[in-house]
S.K.: 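Okay, handing you the structure first.
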Number of protein chains: 2
Amino acid sequence: MQYLLYKDLSEEEIENLIKKMIEICKEKGIKVTTQRILIFKELAKKTKEHPAAEDIYEALKDKVYGLSLSTVYRALNTFESLGLVRRIPTADGKAHFEIANEPHGHFICQRCGKVKDIESAHLNNLLKEEVKKQGFNPTECNFVCYGLCKECSN
Amino acid sequence: MQYLLYKDLSEEEIENLIKKMIEICKEKGIKVTTQRILIFKELAKKTKEHPAAEDIYEALKDKVYGLSLSTVYRALNTFESLGLVRRIPTADGKAHFEIANEPHGHFICQRCGKVKDIESAHLNNLLKEEVKKQGFNPTECNFVCYGLCKECSN
DNA sequence: ATTTCTGCAAAATTTTTGCAAGAGG
DNA sequence: CCTCTTGCAAAAATTTTGCAGAAAT
């Protein structure tokens with residue numbers, strides 16, 4: 001049961017995430033709009049790729065009549081503050097996003113900028129403990145590695 | 001000898017870093033200008049604070065006649081590509097910088113956005129090994145933690 | 001001398017916001 | 001209905017760039 005994060009989410013997992021998202025929205029009085037559902041779903045499909053807002057917009061703009069980039073930003077910000085989505089600040093000057101699943105690390109390619117997941121539950125726990133020892137009170141710990149991805153090493 | 005990172009660099013350490021920077025610039029045919037020296041020095045003084053380009057600009061603009069923000073950006077980019085300075089992408093939409101000293105983690109406050117260092121040499125080594133096992137070839141690994149800093153928890 | 005760098009202003013990029021019209025509960 | 005959301009355009013914010021003059025080697 002390791003390295004689960006390398007797998008795309010199944011259709012079923014995506015549907016379940018959407019249900020959870022709808023539930024949480026209703027709970028908080030946030031309206032469940034077509035745009036929000038489709039944006040969330042698109043991110044869920046691509047979570048392994050850690051898309052930027054623009055990527056999601058590009059994927060949806062022909063499917064959702066009149067969709068605007070600002071709606072994508074607004075939806076992602078909303079999901080982030082609900083804890084459903086995580087923002088990954090990268091060195092390319094754009095914010096990238098992923099579904100907030102179990103914590104894990106990110107490997108960022110210094111040439112092509114792609115972000116890949118690193119399985120790290122064990123290390124994340126170690127890290128959290130150590131950080132607490134040093135007097136912080138973390139809600140979330142991640143790690144980031146830089147280097148060349150397989151494709152770019154050739 | 002732990003938690004060294006919490007200390008500001010001493011005058012002497014800063015002077016040594018500057019010497020090293022000058023050496024590397026000369027080696028690479030990069031010119032040693034007043035602006036570059038002062039920008040590097042200002043970052044060295046503030047490295048614990050992880051300033052953004054603008055912070056460095058603000059600190060220097062009255063001391064360096066006519067200094068412009070773009071020069072600060074250009075200098076920081078140059079230093080980064082020389083491996084002298086590290087860029088820390090944060091969630092506030094600005095790039096922050098630090099002197100590229102020994103690898104360590106960062107704690108980012110979710111309320112005030114301040115970035116603090118976490119001593120983590122041991123964990124960084126563990127991490128690098130684990131990441132290699134997973135098939136990556138990292139040049140550098142860092143930790144990032146989110147939470148509320150001491151000041152903001154009150 | 002030659003090359004590189006700086007300052008300025010302008011451009012490019014990413015993200016946010018104001019507002020009127022539209023959709024959700 | 002009332003509130004929240006969207007789309008659009010405009011604004012804001014951060015970072016990069018072109019170019020002429022200045023500085024470094």
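By convention in this document, chain letters (A, B, ...) are assigned in the order of the sequence lines, proteins followed by strands, and residues within each chain are numbered from 1.
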S.K.: In residues 63-80 of chain A, which ones come under 4.0 Å of DNA chain C, going by heavy atoms?
M.R.: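 Under 4.0 Å from DNA chain C: L69(A), S70(A), Y73(A), R74(A), N77(A).
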
S.K.: K20(B): what forms a side chain to side chain contact (heavy atoms under 4.5 Å, CB included) with it, not counting sequence neighbours?
M.R.: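 Expected list: I24(B), L84(B).
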
S.K.: Run the numbers on F136(B) and K116(A) for side chain to side chain contact (heavy atoms under 4.5 Å, CB included), then give the verdict.
M.R.: CA-CA 10 Å; F136(B) 296 95; K116(A) 309 212 173 183; 4.0 Å; yes

S.K.: Kindly write out the residues that satisfy salt bridge (Lys or Arg N to Asp or Glu O under 4.0 Å) with E15(A), not counting sequence neighbours, or none if the list is empty.
M.R.: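 E15(A): salt bridge (Lys or Arg N to Asp or Glu O under 4.0 Å) contacts with K41(A).
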
S.K.: Which residue pairs pass the ring pair (Phe, Tyr, Trp, His ring centres under 6.0 Å) test when at least one of the two sits in residues 9-60 of chain A, sequence neighbours left out?
M.R.: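 Every ring pair (Phe, Tyr, Trp, His ring centres under 6.0 Å) pair that includes a residue of residues 9-60 of chain A, provided the two are not neighbours, is F40(A)-F79(A), H50(A)-H106(A).
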
S.K.: Quick one: list whatever passes side-chain hydrogen bond (donor to acceptor under 3.5 Å, both in side chains) with K45(A), sequence neighbours left out.
M.R.: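 None.
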
S.K.: Any salt bridge between E129(B) and K133(B), counting N to O under 4.0 Å?
M.R.: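 No salt bridge links E129(B) with K133(B).
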
S.K.: Residues in side chain to side chain contact (heavy atoms under 4.5 Å, CB included) with N16(B), at least two apart?
M.R.: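 Partners of N16(B) under the side chain to side chain contact (heavy atoms under 4.5 Å, CB included) test: E12(B), K19(B).
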
S.K.: If only atom types and distance count, is the side chain of N125(A) paired as donor or acceptor with the main-chain N or O of H122(A) below 3.5 Å?
M.R.: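 No, because the side chain of N125(A) does not come within donor-acceptor range (under 3.5 Å) of the backbone of H122(A).
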
S.K.: Taking only residues two or more places apart in sequence, or in another chain, which ones meet F97(A) in a ring pair (Phe, Tyr, Trp, His ring centres under 6.0 Å)?
M.R.: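 Scan of F97(A) (ring pair (Phe, Tyr, Trp, His ring centres under 6.0 Å), adjacent residues dropped) gives none.
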
S.K.: Sequence neighbours excluded, which residues qualify as side-chain hydrogen bond (donor to acceptor under 3.5 Å, both in side chains) partners of N142(A)?
M.R.: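 For N142(A) the side-chain hydrogen bond (donor to acceptor under 3.5 Å, both in side chains) partners, ignoring immediate neighbours, are E140(A).
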
S.K.: Reading DNA chain D from 5' to 3', where do the contacts with chain B start and stop? Cut-off is 4.0 Å to heavy atoms.
M.R.: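 With heavy atoms of chain B under 4.0 Å away, the range is dT14(D) to dT25(D).
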
S.K.: Would you please name every residue forming a salt bridge (Lys or Arg N to Asp or Glu O under 4.0 Å) with K128(B), sequence neighbours left out?
M.R.: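 For K128(B), no residue satisfies salt bridge (Lys or Arg N to Asp or Glu O under 4.0 Å) once neighbours in sequence are set aside.
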
S.K.: For DNA chain C, determine which residues of residues 82-97 of chain A have any heavy atom closer than 4.0 angstrom to one of its atoms, and list them numerically.
M.R.: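 Hits under 4.0 Å, by residue number: G93(A), K94(A), A95(A).
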
S.K.: Which residues in residues 31-47 of chain A have a heavy atom closer than 4.0 Å to any atom of DNA chain D?
M.R.: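 Within residues 31-47 of chain A, the residues near DNA chain D are K31(A), T33(A), Q35(A), R36(A).
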
S.K.: Between R87(B) and E80(B), does a side chain to side chain contact (heavy atoms under 4.5 Å, CB included) hold up when you go through it step by step?
M.R.: CA-CA 7 Å; R87(B) 177 186 302 261; E80(B) 189 192 14; 3.0 Å; yes

